[in-house]
Amino acid sequence: MRYTRLLVPTLKEEPAEAEVASHRFMVRAGMIRQVARGIYDFLPLGLRVLHKVERIVREELDAAGCQEVLLPMVIPAELWKESGRWDLYGKELLRLNDRAGREFCLGPTHEEVMTDLVRREVRSYRDLPLNLYQIQTKFRDEIRPRFGLMRGREFLMKDGYSFHCDYEDCRREYDNMYATYSRIFRSCGLEFRAVEADTGNIGGSLSHEFQVLADSGEDTVVSCDSCDYAANMEKAEIKAAPGESFGDSDIEEVDTPGVRSIEEVSQFLSQPPERFIKTLIYIADGKGVAALLRGDDQLSEAKFRACLGAETLRMATDDEIEKLTAAPQGFAGPVGLDLELYADYRLAGCSGMVTGANKAGTHLTGVCEKRDFPGATFANLRVAGAGDACARCEYGHFVEYRGVEVGHIFYLGKKYSTALGATYLDADGNEQVMEMGTYGIGVSRTVAAAIEQNHDDAGIIWPLSIAPYELLLLPVKWNDEATRDASEKLYAQLLSLGVEVLLDDRDERAGVKFNDADLIGIPYRLTIGPRGLKEGKVELKRRGESKGSELALESAAAEAAALIGAERARLRVEDGGK
RNA sequence: CGGGGUGUAGCUCAGCCUGGUAGAGCACUGCGUUCGGGACGCAGGAGCCGGAGGUUCAAAUCCUCUCACCCCGACCA
């Protein structure tokens, strides 16, 4: 492709709204443009990258025995009502009506639609197992879209669903997808980690996230420094250990007028936050419950939900708190509280603690777990972090990373197949409910994650397998005839060798071209100009490396093609055309 | 949804407080000089000052409403 024929509106200046590298660079490199919040145009260069990721996903999934289909994006409400998610999913589900007033939604995920297809078309155990996927635009009306493609409302996703006769086969496919996903992200040239994860509102009981490691990632994952356990911090199992005792003393009321948060009370009473019992009031499936944590810990709602076995879980409103605790928000405490109490392990056996008195403007000191609120259920409720003890091995501790979640696989069981009646006849002619798994990859997010992981101050450094082009041919002086002739020759040679090459045929100054080259981030740059040409030399430079190497003009195309070929093979990518 | 902020040329922004005929840099067009890491000169094109209403002789500027976008929080693949 010739640069002058390509729409690449690069920007010298930083777009005001872009906060993270991927967003900034994709806008500056002319790959995306925002149309509405969380909704973007893909320009040619951005689309090429998206297509590259798609191609890798397709090739690996097809090789793993999956079949591609395409489901509608506009989904009738009935299907969502049948699964119960029409009411559960909330405002993220964009609902709309057709001209006749019938209700629809824009599909944020397709368990219902796919299960509906399968229940209509599959009757026999002979047709199973089945793994169907699609690559499609999804819409989720996010509370707060941000960071460009990292958290858009409209985004490209590969979603797959598998259907099986029994648990064992479904588990086998789960492992198959785990391995396939690992191959996909490796082929994309990304450094990632598969971690155990919460199943959220998808449901099910076993799940792994694939996290691309990047400091700007929105997720925190932990891994054990001694065994191979790795999990999202929301989910990571921390070894149960008794709480600290801060001495035995009698319970005492203290006035804390208007002082609510742990931070405020801690300052007011000059006590460290770890001496506090944080009491959070939640509504679980319509019923009030209390979560107790040490003052310096964070509640993991995922863990809390799992511990309760609740379908819905939300924080209580201030009004509900007043009703349930007889005190305004900020003064709740476990002592004498008439709610089910769930406490983090860290509070087991604690004493000498400070907590709310369930009375406006009042806290209690000298609180002792065994004496003052003996009825609590203990569980691992807090968010894990660096240094916490690993529950899966003897001595290990967690280290922390930031990650971008690009893939997620779930074992679903029979949740949707039961709700929608996806059944088959077994060999004995008995009707059985199918086992299901669901597997997602954020395709557009993977593009963003790749940039988060691979960039410098000047721009993007694409992994070869997903770069918009493999090689940028950069004539430093286009209006020099010798340079132009040599460039055209090289361009033709490279194309015939199967290299995806972009020729910067603009009559621009060298500086402009070099800066755009760095910004766009094509992995290989072949620079050609009158100075080198005099000695029959051109320069080949790898984006991200500080210096290039001189090649003889006659053999440059072949050498570059060989290097690229070798790197493709390393990433397990097949030959691509132009 | 709560809190904060911003809407002026394609982009980044000044002008608004203190009302008086619309600005800069970059980008774009033409000509000339330049040319291996974001050149320079000259000449040009380009804005319903987000929208509606109001105050005023006069509104980008003051007031009210509204819409959009951004940030922080709760939430989430």
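The model shown is predicted, which means the values in this text are computed figures rather than measured ones. Naming convention: chains lettered A, B, ... in sequence-line order (proteins, then strands); numbering from 1 in each chain.
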Side chain of A:R531 - closest among B:G36, B:C76, B:C69: B:G36

P atoms of B:C62 and B:G7, separation to the nearest Å: 11 Å

Lys/Arg N to Asp/Glu carboxylate O, A:R146 vs A:E19, below 4.0 Å: no

Among A:D504, A:D507, A:D505, the one residue meeting side-chain hydrogen bond (donor to acceptor under 3.5 Å, both in side chains) with A:T4: A:D505

Nucleotide paired to B:G7 in any strand shown, Watson-Crick or G-U, under 3.5 Å: B:C67

Residue-phosphate contact under 4.0 Å: A:Q34 side-chain N/O, B:C70 OP1/OP2: yes

Pair assignment for B:C16, Watson-Crick or G-U wobble, requiring both distances under 3.5 Å: none

Presence of A:R37 side-chain N/O under 4.0 Å of B:A68 phosphate oxygens OP1/OP2: no

Identity of whatever pairs with B:A39 - Watson-Crick or G-U, under 3.5 angstrom: B:U33

Closest nucleotide among B:A77, B:G37, B:C76 to the A:N515 side chain: B:G37

Base-pairing mate for B:C49 - Watson-Crick or G-U, with both contacts under 3.5 Å: none

OP1 or OP2 of B:A27 under 4.0 Å from side-chain N/O of A:K12: yes

Span that lies between the C1' atom of B:U6 and that of B:A14, in whole angstrom: 14 Å

Spacing of the P atoms in B:C49 and B:G20 (rounded, Å): 15 Å

Candidates B:C76, B:G36, B:U12 - which lies nearest the side chain of A:R151: B:C76

Nearest-neighbour nucleotide for the A:R509 side chain, B:C76, B:A39, B:C69 considered: B:A39

Inter-nucleotide P distance (B:C42, B:G4), Å rounded: 48 Å

Pair A:K278 + A:D296, salt bridge at N-O below 4.0 Å: no

Sugar-phosphate only, base, or nothing, as touched by A:E508 at under 4.0 Å among non-hydrogen atoms: nothing

Where A:L213 and A:Q453 come nearest, the two heavy atoms and their spacing: O-NE2, 2.7 Å

Shortest side-chain distance from A:F410, nucleotide among B:C70, B:G37, B:A77: B:A77

Proximity to the side chain of A:A16 - top-ranked nucleotide from B:C13, B:A74, B:A39: B:C13

Pair A:R2-A:E488, salt bridge (Lys or Arg N to Asp or Glu O under 4.0 Å): steps then yes or no: CA-CA 10 Å; A:R2 288 163 188 274; A:E488 292 285 8; 2.8 Å; yes

A:F155 ring over B:A77 six-membered base ring, under 5.5 Å and 30°: yes

Nearest-Å distance once atom P is located in both B:U56 and B:C63: 16 Å

Sugar-phosphate only, base, or nothing, as touched by A:G442 at under 4.0 Å among non-hydrogen atoms: nothing

Sugar-phosphate, base or nothing in reach of A:R146, heavy atoms under 4.0 Å: base

Sugar-phosphate, base or nothing in reach of A:G532, heavy atoms under 4.0 Å: base

5' precedence on RNA chain B between A:P15 and A:E92 (nearest-nucleotide basis): A:P15

Side chain of A:E19 (C-beta onward), nearest among B:G36, B:A77, B:C71: B:C71

Atom C1', compared across B:G10 and B:C28: separation rounded to whole Å: 8 Å

Sugar-phosphate only, base, or nothing, as touched by A:R153 at under 4.0 Å among non-hydrogen atoms: nothing

P gap between B:C35 and B:C71, integer Å: 44 Å

Sugar-phosphate, base or nothing in reach of A:N479, heavy atoms under 4.0 Å: base

Of the listed nucleotides B:A77, B:A27, B:G37, the one nearest the side chain of A:R445: B:A77

Residue mapping more 5' on RNA chain B - nearest nucleotide basis, A:D507 or A:K91: A:K91

Complementary nucleotide for B:A77 - Watson-Crick or wobble, under 3.5 Å: none

Side-chain ion pair, A:R186 and A:E191, N-O less than 4.0 Å: no

Assigned partner base of B:U55, Watson-Crick or wobble definition, under 3.5 Å: none

Aromatic centroids of A:F304 and A:Y282 separated by under 6.0 Å: yes

Check: B:G3 base within 3.5 Å donor-acceptor of A:R144 side chain: no

Donor-acceptor pair present, A:E13 side chain and B:G25 base, under 3.5 Å: yes

Check: A:R28 side chain, B:G38 base, donor-acceptor under 3.5 Å: yes

Sugar-phosphate only, base, or nothing, as touched by A:P530 at under 4.0 Å among non-hydrogen atoms: base

A:Y178-A:H208 aromatic ring centre distance below 6.0 Å: yes

Closest nucleotide among B:G37, B:C75, B:U12 to the A:E17 side chain: B:U12

Integer angstrom distance from the C1' of B:C16 to that of B:G23: 14 Å

A:V476, nearest nucleotide to its side chain (from B:C13, B:G36, B:C26): B:G36

